[in-house]
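Keep in mind it's a predicted model, so treat the numbers as computed, not measured. For ligands, and for the atoms within them, numbers begin at 1 and follow the listed sequence.
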Amino acid sequence: MRSGILENYQDLLPLNERTPGYSLCEGSTPLVHLRNLSREMSIDLNVKFEGLNPTGSFKDRGMVLAVAKAVENGARALICASTGNTSASAAAYAAHAGLNCYVLLPSGFVAKGKLAQALIYGAKVISITGNFDKALELARDASREFGLAIVNSVNPYRLIGQRTASWEICDELGKSPEWLFIPVGNAGNISAYYAGFLKYRSLGRIARIPRLMGIQAEGASPMVSREMIDHPETIATAIRIGKPVSYTKAVKAVRNTEGAFISVSDDEIMNAQKMLAQKDGIFAEPASCATIAGIWKLFLQGDLPSGISVTCILTGNGLKDPEAPMKYLPDPVEIEGDWMSLKEVLNK
Ligand SMILES: *Cc1c(COP(=O)(O)O)cnc(C)c1O
């Protein structure tokens with residue numbers, strides 16, 4: 001039987017005999033070689049498709065550990081604020097662990113698939129006016145006042161669990177990639193990758209840490225402008241965050257690896273989503289595609305060295321947010337259901 005990250009990386013995670021061994025088989029996601037985009041940009045491009053985790057995003061890695069530790073410490077209920085994927089994951093693992101779960105969502109800015117997930121897994125979903133940053137503030141207050149375990153990335157176990165993705169990449173490649181592109185919202189994941197690579201280097205499992213390239217959406221790019229933003233805006237709702245909790249950690253991760261923060265426009269993101277799907281057959285959600293937009297931008301500017309090995313983190317599944325690409329994709333061709341009509345279309 002397949003196992004999850006708690007079993008696969010038990011020696012590197014803070015587990016003890018009282019930690020429940022939860023698993024929805026998160027992790028072990030594929031590293032897919034993009035043959036067409038690699039050729040076009042003259043690089044060796046692999047994507048870590050985190051959209052194939054149990055709830056369709058990388059959030060499951062940190063969530064399984066956060067929920068296990070919460071139960072170990074006697075928690076009866078969870079709370080989180082979310083742009084969608086954290087709530088989907090929290091709700092699923094709460095069900096798995098038999099806990100109640102409260103989620104706070106910014107009203108109107110959560111992709112349909114993600115909202116459906118939180119509801120079907122049985123979370124108490126509370127929609128608030130205001131953005132993610134406000135929702136997080138409220139969740140923190142509620143956690144304090146009501147003794148609920150908060151499972152946002154302010155919970156240290158989330159980021160520790162998320163390190164496992166960096167280890168899987170190194171285990172599979174037998175070394176680290178040269179460059180790593182990752183979307184940045186609350187800046188937790190990029191910090192987790194950095195910590196994961198540091199750990200592997202200290203264990204002698206890799207020689208070098210990749211150059212970390214953090215990609216943000218133009219309307220929500222506090223890491224690029226080095227200034228918190230009150231009203232973040234982007235079609236990539238998973239990274240629609242103006243005040244990243246892990247700001248300082250992420251700055252350090254990028255500085256210490258000679259990486260960079262780059263911003264890309266919503267048009268560039270949606271174009272990259274289509275390019276990834278139509279050239280290489282992978283459908284990832286808009287936030288994930290910010291990474292492809294970032295690589296493509298560097299390539300067009302002549303700033304992408306040829307021959308380098310690049311890994312790109314596709315953080316979430318495209319099926320979570322079908323409405324985003326449907327806004328610009330053409331409608332299907334409609335015909336009468338008869339042979340003559342079909343022939344006419346195929347002859348065009
Ligand atoms: C949460 C999330 C991100 C952003 O990760 P941070 O740790 O907040 O920087 C990016 N993409 C997807 C799909 C996400 O769910």
Side-chain angles (χ1 to χ4, degrees), residues 26 29 47-63 66 80-90 92 103 105-106 109-111 113-115 117-118 131-133 135-136 151-156 158-163 165-166 180-196 212-217 220-224 232 234-251 253-254 261 264 269 272-273 282-294 312-321 324:
E26 61 290 322
T29 54
V47 292
K48 178 78 168 157
F49 194 15
E50 291 286 273
L52 296 183
N53 272 298
T55 76
S57 86
F58 75 85
K59 298 295 198 300
D60 295 339
R61 295 177 182 276
M63 199 56 73
C80 68
S82 179
T83 58
N85 282 333
T86 295
S87 57
S89 189
V103 311
L105 303 178
F109 291 95
V110 173
K114 302 177 187 180
L115 182 58
Q117 286 181 293
N131 59 28
F132 168 82
D133 304 298
L136 180 56
V151 292
N152 281 103
S153 55
V154 295
N155 178 319
R158 283 276 312 282
L159 297 196
I160 294 174
Q162 285 170 211
R163 291 178 191 173
S166 68
L180 189 123
F181 284 69
I182 183 166
V184 174
N186 228 349
N189 209 26
I190 191 171
S191 310
Y193 272 78
Y194 180 56
L212 295 179
M213 308 295 285
I215 316 299
Q216 297 210 287
S221 52
M223 306 301 309
V224 179
T234 169
I235 190 165
T237 48
I239 49 174
R240 189 174 170 273
I241 293 173
K243 297 171 184 165
V245 165
S246 301
Y247 183 95
T248 313
K249 281 190 195 141
V251 167
V254 161
F261 290 108
V264 290
I269 290 172
Q273 186 184 41
I282 294 182
F283 183 25
E285 67 167 284
S288 309
C289 297
T291 56
I292 300 292
C312 192
I313 312 303
L314 298 180
T315 46
N317 199 302
L319 291 171
K320 282 174 170 278
D321 188 5

What's the shortest distance from [atom] to any protein heavy atom, and which residue and atom give it?
{"atom": "atom 12 (C) of ligand 1", "value": "Thr315 OG1, 3.2 Å"}
{"atom": "atom 5 (O) of ligand 1", "value": "Phe58 CZ, 3.6 Å"}
{"atom": "atom 14 (C) of ligand 1", "value": "Lys59 NZ, 2.9 Å"}
{"atom": "atom 7 (O) of ligand 1", "value": "Asn189 N, 2.8 Å"}

Exercise. Taking both backbone and side-chain atoms of Gly185, is any N or O found less than 3.5 Å from an N or O belonging to ligand 1?
Worked result: yes

Exercise. Do any nitrogen or oxygen atoms of Asn186 lie less than 3.5 angstrom from nitrogen or oxygen atoms of ligand 1?
Worked result: yes

For this session: Check the side chains of Ser288 and Thr315 for a donor-acceptor pair under 3.5 angstrom, ignoring hydrogens and angles.
Result: yes

Problem set entry | Atom indices of ligand 1 within 4.0 angstrom of Gly316 heavy atoms, with elements | 13 (C)

Exercise. Which atoms of ligand 1 are found less than 4.0 Å from any heavy atom of Val184?
Worked result: 9 (O)

Exercise. Where do Lys48 and Thr29 land on the side-chain hydrogen bond (donor to acceptor under 3.5 Å, both in side chains) test, with the steps shown first?
Worked result: CA-CA 7 Å; Lys48 178 78 168 157; Thr29 54; 3.1 Å; yes

Problem set entry | Under-4.0 Å heavy-atom contact with ligand 1, by part of Asn85 that carries it | side chain

Problem set entry | Region of Thr83 that comes within reach of ligand 1 [heavy atoms, distance under 4.0 Å] | neither

Problem set entry | Whether Gln216 side chain and Val184 backbone form a donor-acceptor pair below 3.5 Å | yes

Problem set entry | Any Ala187 heavy atom less than 4.0 Å to ligand 1 | yes

